[in-house]
Amino acid sequence: MIKINLDRVMLERKISSKALAEKIGITQVNLSILKTGKARGIRFATLEKICQTLNCQPGDILEYEEKTDI
């Protein structure tokens, strides 16, 4: 399972959802879908803009977690 840590990175960088959405050129709704992990995918161009804006690596935002079926 892929875990999205975008909220944590945004908090560390002190940037709001509105400001990030404006800077990367997507709607706040689409950013919210991404932040909550409900997105089915992300374009590399969008991921690149997020990383540029937040001065981070993709691995800071995306994390793989082993899924347990217990």
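Worth saying up front: this structure is predicted, and the values here are computed from it rather than measured.
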Report the distance from atom [atom1] of [X] to atom [atom2] of [Y], rounding to the nearest 0.5 Å.
{"X": "Thr53", "Y": "Ile15", "atom1": "OG1", "atom2": "CD1", "answer": "6.5 Å"}
{"X": "Lys18", "Y": "Gln28", "atom1": "NZ", "atom2": "CD", "answer": "6.5 Å"}
{"X": "Leu47", "Y": "Leu34", "atom1": "CG", "atom2": "CG", "answer": "8.5 Å"}
{"X": "Ile26", "Y": "Arg43", "atom1": "CD1", "atom2": "CZ", "answer": "11.0 Å"}

Q: Applying side chain to side chain contact (heavy atoms under 4.5 Å, CB included), run through Arg13 and Cys56 and close with a yes or a no.
A: CA-CA 10 Å; Arg13 304 301 193 275; Cys56 67; 3.5 Å; yes

pair [X]-[Y]: side-chain heavy atoms closer than 4.5 Å:
{"X": "Leu62", "Y": "Asn5", "value": "no"}
{"X": "Ile24", "Y": "Gln52", "value": "no"}
{"X": "Leu6", "Y": "Leu31", "value": "yes"}
{"X": "Leu20", "Y": "Leu54", "value": "yes"}
{"X": "Lys23", "Y": "Lys49", "value": "no"}

Q) Honestly curious: do Ile61 and Leu11 fall in one hydrophobic cluster under the side-chain, below-4.5 Å linking rule? A)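 Each belongs to a different hydrophobic cluster.
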
Q | Connected via hydrophobic side-chain network under 4.5 Å: Ile33 and Ile4 | A |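 Ile33 does not cluster with Ile4.
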
(Q) Donor-acceptor pair, distance only, cut-off 3.5 Å: does the side chain of Thr36 make one with the backbone of Ser32? (A)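 Yes, Thr36 side chain to Ser32 backbone: donor-acceptor pair under 3.5 Å.
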
Q | Flag, side chain of Asp60 to backbone of Gln57, donor-acceptor distance under 3.5 Å | A |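 Answer holds: yes.
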
Q: Taking all heavy atoms of Ser17 and all of Lys35, pick out the closest pair and write down the distance.
A: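 Heavy atoms only, the tightest pair is OG-NZ, 2.6 Å.
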
Q. Do you know which two heavy atoms are closest between Pro58 and Cys51, and how far apart they sit?
A.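 Minimum heavy-atom separation between Pro58 and Cys51: N-SG, 3.5 Å.
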
Q: Please step through side chain to side chain contact (heavy atoms under 4.5 Å, CB included) for the pair Ile50 and Val9, ending with a clear verdict.
A: CA-CA 10 Å; Ile50 290 171; Val9 177; over 6 Å; no

